[in-house]
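One structure is given here, and the rest of the page talks about it.
Because only heavy atoms are used, hydrogens play no part in the values below, and waters and symmetry mates are left out as well, while side chains stay in.
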Amino acid sequence: MPAAQRHPTMADVAERAGVSASTVSRTLRGLSSVSPDVRARVEKAARELNFAISRQASSLVTGRTGVVAVLVPTLNSWFMGSALSSLGPLLRAADMELTVYVIPDLAERASFFEQLPARRNADALLVHCFDLTEEEGARLDDLGMPVLYVSQHAEGRPSVYVDDVAGARHGTRHLLNLGHRRIAFMQSPGASGFSFSSHARLLGYQQALAEAGVPLDDSLVVAAPAADKRAVAEALGQLLGLRRPPTAVFAEQDELAAALIWTLRRARIEVPEQMSVLGFDDQPLAEWFDLTTVAQSPSEMGRVAGELALQLINDSEADGKRHIVLPTHVIPRGTTARPTGSATETEGPS
């Protein structure tokens with residue numbers, strides 16, 4: 001069939017421009033290895049034929065798909081949304097597309113690792129917040145593409161993350177420096193198999209107390225899902241029922257801190273006059289609640305992870321085991337203050 005009666009192909013453009021199909025691919029993907037004269041001829045031929053390069057055609061020539069895949073446990077979170085919102089524009093600027101695999105439960109997770117659809121459909125895979133088994137990690141190692149771990153440290157593999165231990169340690173020190181000695185830690189239990197930094201933040205809290213010579217007290221560590229008002233109220237009740245209740249609570253996520261503040265105010269307990277509250281993340285709701293928090297930037301994490309992925313895709317000599325640790329910092333707001341009355345005294349048993 002003549003070219004005018006069917007969809008034009010890369011070979012048609014190459015024939016009209018007097019170049020090879022690989023030159024057409026390099027030109028239309030914007031690579032700098034094409035001379036200005038050749039670029040002008042190829043672009044003119046493509047316009048005349050109303051041709052647009054497809055990912056599939058480009059892949060046949062380059063061996064690449066032009067796609068970066070992302071594996072996430074959910075899209076229904078501030079963190080994931082922020083990370084992907086900065087990753088997407090970065091990839092588009094590099095003429096790359098983004099494919100997202102959402103694995104919300106263990107059944108779909110088992111199916112993903114059995115089939116590994118990213119093997120055929122991407123040039124790199126970004127793994128967000130998964131506590132992988134040794135077998136799952138080995139499966140990803142065999143994909144034959146760069147696999148980067150985001151918001152988690154993966155030994156011997158490229159990773160982009162914040163130091164949750166250090167961040168929680170700095171947050172706890174903030175409360176200690178205000179004079180608090182009875183400091184509780186409220187966790188938000190996550191689904192099995194997914195990494196949400198809970199253990200690391202608890203460890204940082206414990207380290208800061210130990211460094212300050214404050215005895216660890218297991219009764220001050222409680223757990224409640226942020227979305228469960230009754231569970232948050234029950235966890236707070238555990239703390240208030242102690243012989244010496246805490247004067248401050250470090251909630252491991254801003255959402256949990258906001259739920260705690262709502263519960264405290266409903267119980268007519270003033271924040272921070274009677275109870276200081278510290279969060280972690282610096283989500284947009286933190287400003288609405290005037291919440292003191294340990295800030296991280298998932299949008300920066302997404303951008304940096306995308307840059308590292310592009311580097312590993314385009315440079316076979318790049319460091320495939322590189323770790324990039326992004327900073328955290330405490331943002332003091334209105335939910336923390338010095339403890340009042342006898343709360344600053346040396347504590348005895350609970």
Side-chain angles (χ1 to χ4, degrees), residues 1-72 75 83-102 112 115-128 140 142-148 150 158 160 299 302-320 322:
M1 182 181 297
Q5 299 177 23
R6 57 175 168 77
H7 292 297
T9 67
M10 193 179 299
D12 295 328
V13 177
E15 181 179 1
R16 177 165 293 206
V19 298
S20 67
S22 61
T23 299
V24 174
S25 174
R26 290 196 303 272
T27 301
L28 299 184
R29 288 185 298 115
L31 300 186
S32 59
S33 57
V34 180
S35 69
D37 175 63
V38 170
R39 182 178 303 281
R41 283 162 39 207
V42 170
E43 291 176 348
K44 180 175 182 291
R47 285 194 302 270
E48 291 173 349
L49 293 172
N50 292 321
F51 174 82
I53 191 169
S54 69
R55 294 290 180 191
Q56 292 81 3
S58 177
S59 178
L60 291 175
V61 175
T62 66
R64 295 181 181 175
T65 65
V67 174
V68 171
V70 178
L71 182 63
V72 299
L75 289 177
L84 294 181
S85 69
S86 61
L87 176 61
L90 176 76
L91 295 179
R92 286 196 297 273
D95 195 28
M96 300 283 284
E97 293 181 355
L98 176 65
T99 295
V100 180
Y101 295 97
V102 184
F112 176 88
Q115 299 176 19
L116 286 182
R119 181 191 300 276
R120 301 174 298 277
N121 299 321
D123 298 323
L125 176 66
L126 306 184
V127 181
H128 284 252
L140 296 184
D142 290 337
L143 278 174
M145 68 176 73
V147 178
L148 290 77
V150 185
V160 179
S299 60
R303 183 188 64 79
V304 171
E307 290 177 343
L308 181 55
L310 293 175
Q311 181 183 2
L312 294 175
I313 290 170
N314 295 317
D315 183 2
S316 60
E317 302 299 320
D319 183 2
R322 184 181 178 190

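Among all heavy-atom pairs drawn from L91 and E97, the shortest one is CD1-O, 4.2 Å. Annotation for V147 and P158: closest pair O-CG, 3.3 Å, computed over non-hydrogen atoms. Taking every heavy atom of both residues into account, I313 and A124 meet most closely at CD1-CB, 3.7 Å. Residue A46 comes nearest to V13 through the heavy atom pair N-CG1, 4.0 Å, listed as atom of the first residue, atom of the second, then distance. When all heavy atoms of A21 and M10 are compared, the pair lying nearest together is O-SD, 3.2 Å.
Applying side chain to side chain contact (heavy atoms under 4.5 Å, CB included) to L148 and the options V127, L312, V304 leaves one that passes, L312. The only member of V42, V38, T9, D12 that meets side chain to side chain contact (heavy atoms under 4.5 Å, CB included) when paired with V24 is V42.
Under the side chain to side chain contact (heavy atoms under 4.5 Å, CB included) criterion, S85 pairs with no residue, sequence neighbours left out. Listed by chain and residue number, S297 satisfy the side chain to side chain donor-acceptor pair (under 3.5 Å) test with S299 (two or more places apart in sequence, or in another chain). Under the rule for a side chain to side chain contact (heavy atoms under 4.5 Å, CB included), the partners of D37 that lie at least two apart in sequence or sit in another chain are S35, R41. Residues passing the side chain to side chain donor-acceptor pair (under 3.5 Å) test with R303 are E300, E307, sequence neighbours excluded. When the side chain to side chain contact (heavy atoms under 4.5 Å, CB included) test is applied to A69, the partners found at least two apart in sequence or on another chain are Y101, A118, A122, L125. The side chain to side chain contact (heavy atoms under 4.5 Å, CB included) check on R92 picks up P89, with sequence neighbours excluded.
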Working for side-chain contact (heavy atoms from CB on, under 4.5 Å), residues L126 and L87: CA-CA 11 Å; L126 306 184; L87 176 61; 3.6 Å; yes

V70 vs V150, side-chain contact (heavy atoms from CB on, under 4.5 Å): CA-CA, chis, key distance, verdict: CA-CA 10 Å; V70 178; V150 185; over 6 Å; no

Check against side-chain contact (heavy atoms from CB on, under 4.5 Å), L143 and L116: CA-CA 8 Å; L143 278 174; L116 286 182; 3.9 Å; yes

From CA spacing to verdict: side-chain contact (heavy atoms from CB on, under 4.5 Å), M145, D123: CA-CA 6 Å; M145 68 176 73; D123 298 323; 6.0 Å; no

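Listed for the N314 side chain is a donor-acceptor partner under 3.5 Å among the backbone atoms of L310.
Counted within 6.0 Å of CD on E43, heavy atoms from surrounding residues, nucleotides or ligands total more than 12; the atom is thus considered enclosed.
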